[in-house]
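Read the structure below first, then the notes.
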2 protein chains.
Amino acid sequence: MKIAEVSEKYGISPDTLRYYERIGLLPRVNRSESGVREYTELDLRRVEFIKCMRSAGLPIEVLIDYMQLIEQGDSTIETRKEILIEQRDLLLQRMQQLQKTLDVLNHKIEVYEKIILGKEKQMVQAVVAIEE
Amino acid sequence: MKIAEVSEKYGISPDTLRYYERIGLLPRVNRSESGVREYTELDLRRVEFIKCMRSAGLPIEVLIDYMQLIEQGDSTIETRKEILIEQRDLLLQRMQQLQKTLDVLNHKIEVYEKIILGKEKQMVQAVVAIEE
DNA sequence: TCTTGACTTGGAGTCACCTCCAGGTGATAG
DNA sequence: CTATCACCTGGAGGTGACTCCAAGTCAAGA
């Protein structure tokens, strides 16, 4: 698969794919004789994994470390597991924070709705509660 | 309340608090005669709101717009509600994405655990499944 | 009175993460 | 055969969100 197809398939720009390779996030993709990247199945799985992790905000640095451990073979399995556990725990924390924010947003939206519907009784309170 | 206390209370650096004011995210905080910021209760509630929204990744630009609509009074309530709804929907999408990533991480961690526990039967499969 | 320390301002610097560009190569269509 | 097009490389530029800095002001304590 060539870079444009990969880009299309995963919604990652060719520039970004090349960038990932440059910084060592993706191992060097094989080239055709004329120097054009040819992504293998394995490359695609790596791209998909990176896309997934990045979409949840895992830092590139961490992913580089992780990918390089993979390159180093089975002796790094324990370390890799620890990296993933650490990132999972951070992710859980962030999810809790997003939930809090979601609750606040839902509350505020509800209050706005009340105001708009003109429930006069609640208006004074509501305005005070929301507007600040 | 002075800037250092606010900073302490919310875990936001004084530089960031001043930065927020500069870019119009916080309305101008009143100064003492000698020019020192004195945060009111109202200011604090704004800071807390911003902190909450930022911690979930809402863009500063959106928050600036929202805060400025508040300044403009009740005629902007409908618009404000729409902004919050839009941001809430984006937030929900991001939460779903985080959940997906969490699932992937949990799965991979589990597979690593199996490998480490030396369940030989699964090892070949497992390594293939994880390593890429 | 002098010094210390927290505060002020405007402007510059930093960081993560891309994104764009110039200049060049090679395969394919007209 | 030449023009187009996707690709290549290395390097520069951009964006969002801070973060740091220099130079200055003021209040309070030794």
Side-chain angles (χ1 to χ4, degrees), chain A residues 1-40 43-44 46-47 49-67 87 90-91 94 97-98 101, chain B residues 1-40 43-44 46-47 49-68 87 90-91 94 97 101:
Chain A
M1 227 184 203
K2 278 192 277 183
I3 201 163
E5 298 167 89
V6 180
S7 167
E8 174 74 14
K9 177 160 182 170
Y10 294 104
I12 301 174
S13 79
D15 266 321
T16 300
L17 288 167
R18 284 189 283 255
Y19 165 70
Y20 283 170
E21 201 177 323
R22 259 202 284 198
I23 63 174
L25 180 49
L26 283 173
R28 182 176 170 81
V29 174
N30 275 337
R31 315 293 150 105
S32 73
E33 280 149 41
S34 55
V36 175
R37 285 174 182 79
E38 184 58 42
Y39 289 80
T40 64
D43 291 324
L44 295 188
R46 284 166 170 166
V47 167
F49 174 69
I50 289 166
K51 186 196 175 177
C52 180
M53 296 301 122
R54 286 293 305 129
S55 73
L58 274 73
I60 280 189
E61 267 300 311
V62 171
L63 296 176
I64 291 175
D65 288 353
Y66 180 78
M67 297 309 270
Q87 292 305 311
L90 290 170
L91 188 49
R94 290 199 289 120
Q97 183 52 60
L98 293 209
T101 304
Chain B
M1 226 182 203
K2 279 190 278 183
I3 202 163
E5 299 168 90
V6 180
S7 166
E8 174 74 14
K9 176 161 182 171
Y10 295 104
I12 300 173
S13 79
D15 266 322
T16 300
L17 287 167
R18 284 189 283 257
Y19 164 70
Y20 283 169
E21 201 178 323
R22 260 202 285 200
I23 63 174
L25 181 49
L26 284 173
R28 183 177 169 80
V29 173
N30 275 338
R31 315 291 149 110
S32 72
E33 282 149 41
S34 55
V36 174
R37 285 174 183 78
E38 185 56 44
Y39 289 79
T40 64
D43 292 323
L44 295 189
R46 284 165 169 167
V47 168
F49 174 69
I50 289 166
K51 186 195 175 178
C52 180
M53 296 301 122
R54 286 293 305 129
S55 73
L58 274 73
I60 280 190
E61 269 300 327
V62 171
L63 296 176
I64 290 175
D65 289 353
Y66 181 78
M67 296 309 271
Q68 284 175 355
Q87 292 306 310
L90 290 170
L91 188 48
R94 290 200 291 118
Q97 184 52 60
T101 304

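Model, not experiment: these values are computed from the prediction. Within every chain, numbering begins at 1; the chains are lettered A, B, ... in the order of the sequence lines, protein sequences first and strands thereafter.
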The test is side-chain contact (heavy atoms from CB on, under 4.5 Å); show your working for B:Ile12 and B:Lys51 and say whether it passes. CA-CA 8 Å; B:Ile12 300 173; B:Lys51 186 195 175 178; 4.0 Å; yes

[X] vs [N]: side-chain N/O to OP1/OP2 distance below 4.0 Å:
X: B:Arg28; N: C:dT8; result: no
X: B:Tyr20; N: D:dA17; result: no
X: A:Thr16; N: C:dC17; result: no

Can you figure out which of [options] approaches the side chain of [X] most closely?
X: A:Arg54; options: C:dT19, C:dC18, D:dC8; answer: C:dC18
X: B:Ser34; options: D:dA27, C:dC18, D:dA17; answer: D:dA27
X: B:Ile3; options: C:dT9, C:dC7, C:dC17; answer: C:dC7
X: B:Ala4; options: D:dT19, D:dC8, C:dC7; answer: C:dC7
X: A:Tyr19; options: C:dC18, C:dT8, D:dA6; answer: C:dC18
X: A:Val36; options: D:dT9, C:dT19, D:dC8; answer: D:dC8
X: A:Ile60; options: D:dT9, C:dT9, C:dC18; answer: C:dC18

Over how many whole Å does the gap from [X] atom [atom1] to [N] atom [atom2] extend?
X: B:Glu21; N: D:dA17; atom1: CD; atom2: C1'; value: 17 Å
X: A:Arg31; N: D:dC8; atom1: CZ; atom2: C1'; value: 8 Å
X: B:Asp15; N: C:dT8; atom1: CG; atom2: P; value: 10 Å
X: B:Lys2; N: C:dG5; atom1: NZ; atom2: C1'; value: 11 Å
X: A:Arg18; N: C:dC18; atom1: CZ; atom2: C1'; value: 13 Å
X: A:Ile23; N: D:dG10; atom1: CD1; atom2: P; value: 15 Å

Starting at OH of B:Tyr20, measure out to CG of B:Asp15 and round the result to the nearest 0.5 Å.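 Output value for this atom pair is 12.0 Å.
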
For B:Pro59, report the nucleic acid contact type (base, sugar-phosphate, nothing); a contact means any heavy atom under 4.0 Å. sugar-phosphate

Would the base of D:dG11 count as contacting A:Arg22 through its side chain, where contact means a donor and an acceptor less than 3.5 Å apart?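 Yes, a donor-acceptor pair under 3.5 Å.
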
Side chains of A:Gln97 and B:Ser55: do they bring a donor and an acceptor to under 3.5 Å?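 Short answer, yes.
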
